[in-house]
2 protein chains.
Amino acid sequence: MVVGGLAGTEADRVFHALADATRRDILTKVIRSGKSVSELAQHYPMSFAAVQKHVAVLERAALISKVRRGREQIVHGEVTALRRVALLLDAYEEIWRHRADRIADILDQE
Amino acid sequence: MVVGGLAGTEADRVFHALADATRRDILTKVIRSGKSVSELAQHYPMSFAAVQKHVAVLERAALISKVRRGREQIVHGEVTALRRVALLLDAYEEIWRHRADRIADILDQE
DNA sequence: TCCACCTACAACCATGTGGTTGTACGTTAG
DNA sequence: CTAACGTACAACCACATGGTTGTAGGTGGA
């Protein structure tokens, strides 16, 4: 069962990408302004390759995109996927609200 | 850096819990109405113990709660945590919108 | 009481994940 | 041209995850 417009595997990828503090932090950095991978790597206590992997996970989830600028690869935040996750969560809340409304109706009838 | 009101480890737990189709499906089922663990287990092509583990992951993320009813354990959906995730995502979108509104400033910034 | 049901949990296994180091390749600066 | 930089990727390791089966305990019904 798919609740929102997000396909199962896509939801998997997006939520998994967000389930790591480093990746969420990378996301906030590149959403503010594009940064190169090595520029990002400087901010974390891990190897360049590790940061590169985190960026790859975010890219697979379509949360970021990369654009070549000379010998650098500039990472940009993609807000569209983020918005789709927000809509998915809204769908869950919608389901809950309906249930809550029904409960309220039942309570009113008493 | 913590963007929203969700602590780092809590965000980890919540997003990780949501990064699995079975768990998201369990969530939709119990958000509509409370169900026992074995009742849930009947709907999935895996062992009872596996479903029990998924429920445990959701419980650690505070997305569901369990209440004893006789010899059954009724699983209920907790909407509060869900709402907090939605707020966190709203915060990301807020950051992005800020960027869109003030692209010139940000270009000067870094 | 006794048995069946629901749950909890431990032990175990295969696979995935997050980290490392090393190597290779294209691009820019000097 | 050469050297340094930025990136990509493979190989490897430790550990977490998702699944299994088996065992044990508490509760309800007959």
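Naming convention: chains lettered A, B, ... in sequence-line order (proteins, then strands); numbering from 1 in each chain.
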N/O (side chain, [X]) to phosphate O (OP1/OP2, [N]) under 4.0 Å:
| X | N | answer |
| --- | --- | --- |
| A:His54 | C:dT17 | no |
| A:Lys66 | D:dA8 | yes |
| B:His16 | D:dA16 | no |
| A:Ser38 | D:dC5 | no |

Between [N] atom [atom2] and [X] atom [atom1], what is the distance in whole Å?
| X | N | atom1 | atom2 | value |
| --- | --- | --- | --- | --- |
| A:Ile64 | D:dT7 | CD1 | C1' | 14 Å |
| B:Arg13 | D:dT17 | CZ | C1' | 16 Å |
| A:Asp12 | C:dT17 | CG | P | 10 Å |
| A:Arg69 | C:dA29 | CZ | P | 12 Å |
| B:Arg60 | D:dG18 | CZ | C1' | 12 Å |
| A:Leu40 | D:dG6 | CG | P | 13 Å |
| A:Gln42 | D:dC5 | CD | P | 12 Å |
| B:Met46 | D:dG18 | CE | P | 10 Å |

Selection from [options] that lies nearest to any side-chain heavy atom of [X]:
| X | options | value |
| --- | --- | --- |
| B:Arg68 | D:dT7, D:dG18, C:dT7 | C:dT7 |
| A:Arg71 | D:dC5, D:dG18, D:dT7 | D:dC5 |
| A:Gln52 | D:dC9, C:dG18, D:dG18 | D:dC9 |
| B:Ala49 | D:dT21, C:dT20, C:dT7 | D:dT21 |
| B:Glu72 | C:dT7, C:dT17, D:dT7 | C:dT7 |
| A:Lys53 | D:dT7, C:dT7, C:dG18 | C:dG18 |

Original post:
Got a sec: does the CZ of B:Arg68 have more than 12 other heavy atoms crowding it under 6.0 Å?
Top reply: yes

Subject >> A:Arg13 versus A:Ala61, closest heavy-atom pair with distance >> reply: O-CB, 3.6 Å

Subject >> Nearest heavy atoms of B:His54 and B:Thr22, plus distance in Å >> reply: CD2-CG2, 3.9 Å

Original post:
Taking for each residue the nucleotide of DNA chain D with the nearest heavy atom, is it A:Gln73 or B:Ala50 whose nucleotide lies nearer the 5' end?
Top reply: A:Gln73

Original post:
When we call it a touch if two heavy atoms are under 4.0 Å apart, what does A:Thr22 touch: a base, just sugar-phosphate, or nothing?
Top reply: nothing

**OP:** Under 4.0 Å between any heavy atoms, over every strand shown, what does B:Ser47 touch: base, sugar-phosphate, or nothing? Just pick one.
**Re:** base

Original post:
Taking the side chain as C-beta and beyond, is there a heavy-atom pair between B:Arg23 and B:Val57 under 4.5 Å?
Top reply: yes

Original post:
Below 4.5 Å, heavy atoms only, C-beta onward: do B:Ile74 and B:His76 meet side chain to side chain?
Top reply: yes

Original post:
Is a side-chain N or O of B:Glu39 found less than 3.5 angstrom from the main chain of B:Ser36, in a donor-acceptor match?
Top reply: yes

Subject >> A:Val57 vs B:Ser36, nearer the 5' end of DNA chain C by closest nucleotide >> reply: B:Ser36

